[in-house]
Number of protein chains: 2
Amino acid sequence: MKNEDEPKDKRVKAADAQKLTMAEVAKYVGVSAMTVSRAFRQDASVSEETRKRIMEAVDALGYVLDLSAGSLSSRRSGFIAALVPSINNSNFSDTARGITDALENTGLQLLLGYTDYSAEKEERLIEAMLRRRPEGIILTGGSHTDRARRMLDKAGIPVVETWEIPEEPINHVVGFSNSEAMSLLVRALANQGYRRFGYIGGTTARDTRGSQRRSGFLKTVEELGLGPGRVISFGVPPITMEQGGQAVVSLLERWPDTEVVLCVSDLSAFGAIMECKRRGMNVPGDIAIAGFGDYEISSICHPSITTINVDCYGIGRQAAVRLLDAVHGGGSTGDEITLTGYRVVLRESTNRGGA
Amino acid sequence: MKNEDEPKDKRVKAADAQKLTMAEVAKYVGVSAMTVSRAFRQDASVSEETRKRIMEAVDALGYVLDLSAGSLSSRRSGFIAALVPSINNSNFSDTARGITDALENTGLQLLLGYTDYSAEKEERLIEAMLRRRPEGIILTGGSHTDRARRMLDKAGIPVVETWEIPEEPINHVVGFSNSEAMSLLVRALANQGYRRFGYIGGTTARDTRGSQRRSGFLKTVEELGLGPGRVISFGVPPITMEQGGQAVVSLLERWPDTEVVLCVSDLSAFGAIMECKRRGMNVPGDIAIAGFGDYEISSICHPSITTINVDCYGIGRQAAVRLLDAVHGGGSTGDEITLTGYRVVLRESTNRGGA
DNA sequence: TTCCAAATTGTTATCGATACCATTCTGTCC
DNA sequence: GGACAGAATGGTATCGATAACAATTTGGAA
């Protein structure tokens, strides 16, 4: 049995307060709603004194601007949408952070979605996002369903594709060639004297960047006259640390004399290295292993991991900057491809003749 | 010189199409706008035949529902806000994933923000979020500015605090006691025979969960009669892998006979272990090290890391479920504290007499 | 056949801010 | 003193959907 004089649910009172509208603030101050509206925008012409009185009233009453109402009449939602494959992957969350940071103080809100590496889920997300009328949208990769492309086209908003160079860009692109980046790594290691190259990646083409890295690997090994590359496909992308460990076992069973193994990402490379150590093998003494992405872990772990450093944060930041240009400046410069940097980072895990 | 019959900028045409409104779809089909509106909701009463015709028209015209207009009249924004300290931390991105998954097919959109472990940034984000009139909000931790509390109170929406048990909960809570969890780990290791305990954490109280872990550590070491704990504070939270490595060096310089080091998170523990190995020390032979959070890395790395497993995904999922209950069901059950599980995971890094 | 309940569709007002244009006020210059 | 530019403020229509209620149709039951 509840006590009778127990206080009533606090939210009842609160719910009333919630109804507070701009007109009521205006009445309280003794101005028109329009003036209150102007007081909230820094560029509008309101006398300093009036603005001060309004803001005091806003504080006193606890009024909070309602953007959904505003965006309807101003026809500007104040949203930017961004889709990434996964938020659990630190490369992509760095990109998301870059976007968020670039959006700070622009008055734009980020609507973030993750596609789980699926073009179908991407399509559904794009539709869900467009229902909020974003002023621009940032996508990962260039592989989209036909319907997704049609929706984006119809939406008439700037689109930025990131993390790779699509064959048929929709609009703007901020990224790099995953194939060439992997190629660069192969050449760097070949320069060190490695000859028998293995590769570990996922089983399907879901992860288009992963596929591009593999094809860059295969092409370059071929070009260097180092025979066909030894490829192990293991697990649905994105492959985990654990799967990296399992894959390297398969690879070494099949081609025991492999000298160096390149992995689709640092995570699988790390798993591979740890599995080798667990089995008593020496990295890089018995086998050299390299990754891709330069995750934090790769510079810290022992042995530290040779990899390709990608400017994940910069991809996000530049994508957002491009988008802002297009949204505000009217995109006068037209569609463009912005190449972002990458570089080979040689570390202990591929030290030739290393400990 | 551009070719004259080059197609004009596609976006011009697209921008026109964008203006498409529900009324135009209605006219095209020969029904009222209201009927089109009903066709978009699955519970509304529209004949199957009419809905089919409408949806065909929607497809043909490429109409996309405008939720911002709808939310104004229905007074339901369709948003849920969630604030996490960082999206680069896989623990919190797991929580974000749990929230997103629980929201799937509810028609609710997640507005995600990251506070960077700052109560001031949290306050600004809460205000920004409230301007979108979310139907509920999920926060991390129980430490908020006064103004933030006031705004939340006024907003009159359900609030769920996660990841810890606040002393003064606002509303609902989904979390666990970080202090008790750390205490459990200390006891488990004391049971194994360890006596001289060290601790590595950040320098400030910004990370309240980190502070709670430290106090749980200190209290328990004291209770067990194992003298004052040896604490190294290093770096602004969240401390990185690298800082974990630096901290363990400090700790061992100051107290060389330390037997086991507990770290505020697996990331710093990993950094500490790698630094020890780099310096030729054996883990756990020379020094045992444990973390907190059970990140993927901890089960994979060598030696694998003893830690506290936390149900990060479940925290997000349950927080969202609680919130949905409160939003839809009217929160009839009142405010509640939902405790989520955690458990000690003993691994190689604290093997007594280990290799 | 008559009548009523349920299913289906239509009409109108409205959500809360902002765009657009009109109006008032202030100060300055000739 | 008059005129006028520019700043400050107000009034009204409007953004595009949905709530609320009204009207119409349909299918049986009486």
Side-chain angles (χ1 to χ4, degrees), chain A residues 15-55 57-58 61-79 107 109 130-135 155, chain B residues 15 17-55 57-58 61 63-79 107 109 130-135 155:
Chain A
D16 289 349
Q18 173 60 15
K19 284 199 221 157
L20 208 56
T21 175
M22 201 174 251
E24 294 169 64
V25 176
K27 199 196 295 179
Y28 183 91
V29 182
V31 295
S32 72
M34 199 57 234
T35 302
V36 177
S37 173
R38 288 192 183 103
F40 272 101
R41 0 182 94 252
Q42 77 283 43
D43 58 328
S45 71
V46 185
S47 75
E48 236 2 274
E49 203 258 330
T50 309
R51 168 176 278 134
K52 190 165 145 280
R53 272 170 51 222
I54 290 174
M55 284 314 169
V58 165
L61 299 173
Y63 172 71
V64 175
L65 191 60
D66 186 333
L67 290 179
S68 54
S71 64
L72 184 58
S73 51
S74 69
R75 305 161 129 304
R76 297 197 45 216
S77 66
F79 282 122
Q109 244 289 338
L130 289 180
R131 290 182 168 191
R132 300 286 182 181
R133 299 290 187 268
E135 300 180 32
Chain B
Q18 175 60 12
K19 285 199 221 157
L20 206 57
T21 176
M22 200 174 253
E24 294 169 65
V25 176
K27 199 197 295 180
Y28 183 90
V29 182
V31 295
S32 73
M34 197 60 232
T35 302
V36 176
S37 173
R38 289 190 181 106
F40 271 100
R41 359 182 95 252
Q42 77 284 43
D43 59 327
S45 71
V46 184
S47 74
E48 236 2 273
E49 203 258 330
T50 309
R51 167 174 281 133
K52 190 163 146 280
R53 271 169 52 221
I54 291 175
M55 284 313 169
V58 164
L61 298 174
Y63 171 72
V64 176
L65 191 60
D66 186 333
L67 290 180
S68 54
S71 64
L72 184 58
S73 54
S74 69
R75 308 161 125 305
R76 298 198 44 218
S77 67
F79 282 124
Q109 246 287 340
L130 289 181
R131 289 181 169 193
R132 299 288 182 180
R133 298 290 186 268
E135 301 180 31

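Residue numbers start from 1 in every chain, and the chains themselves are labelled A, B, ... in the order their sequence lines are given, proteins ahead of strands. Because only heavy atoms are used, hydrogens play no part in the values below, and waters and symmetry mates are left out as well, while side chains stay in.
In this structure F79(A) satisfies the ring pair (Phe, Tyr, Trp, His ring centres under 6.0 Å) test together with F79(B), sequence neighbours excluded.
Between T21(A) and the phosphate of dA17(C), there is a side-chain N or O to OP1/OP2 separation shorter than 4.0 Å. Under 4.0 angstrom from either OP1 or OP2 of dA17(C) there lies at least one side-chain N or O belonging to Y63(A).
Annotation: the span from M55(A) atom CE to R51(A) atom CZ amounts to 6.5 Å, rounded to 0.5 Å.
Using a 4.0 Å heavy-atom criterion, one finds that F40(B) contacts no nucleic acid atom at all.
Taking atom CZ of R131(B) as the reference point, atom C1' of dA17(C) lies 13 Å away to the nearest angstrom. Going from atom CZ of R41(B) over to atom P of dA20(D) covers 11 Å, rounded to whole Å. Atom CG in L67(A) sits about 18 Å away from atom P in dG16(D), given to the nearest Å. Following rounding to the nearest Å, L20(A) (CG) and dA17(C) (C1') show an atom-to-atom distance of 14 Å. dC15(D) atom P lies 19 Å from atom CE of M22(A), rounded to whole Å. As a whole-Å value, the separation of R133(A) CZ from dC15(D) P is 14 Å. The distance from atom CG of L72(A) to atom P of dG16(C) is 12 Å, rounded to the nearest whole Å.
Nearest heavy-atom pair across T35(B) and T50(B) is CG2-CG2, 3.9 Å.
Between the side chain of R76(B) and the backbone N or O of E135(B), no donor-acceptor pair lies under 3.5 Å. In this structure, the side chain of R132(A) does not engage the main chain of S77(A) through any donor-acceptor pair within 3.5 Å. Between the side chain of R133(B) and the main chain of L130(B), a donor-acceptor pair closer than 3.5 Å is present.
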Which nucleotides of nucleotides 5-11 of chain C have their base under 4.0 Å from a protein heavy atom (B), which only their sugar-phosphate (S), and which neither (-), written as one string 5' to 3'? ---BBBB

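For the side chain to side chain contact (heavy atoms under 4.5 Å, CB included) test with V29(B), the passing option among L61(B), V36(B), I54(B) is I54(B); the others fail.
Counted by atom type alone, S68(A) and S71(A) present zero donor-acceptor pairs between their side chains at under 3.5 Å.
The R75(B) side chain lies nearest to dC15(C) when the options are dA17(D), dA17(C), dC15(C).
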Kindly give the atom pairs (protein nitrogen or oxygen, nucleotide nitrogen or oxygen) under 3.5 Å for nucleotides 23-26 of chain C.
none

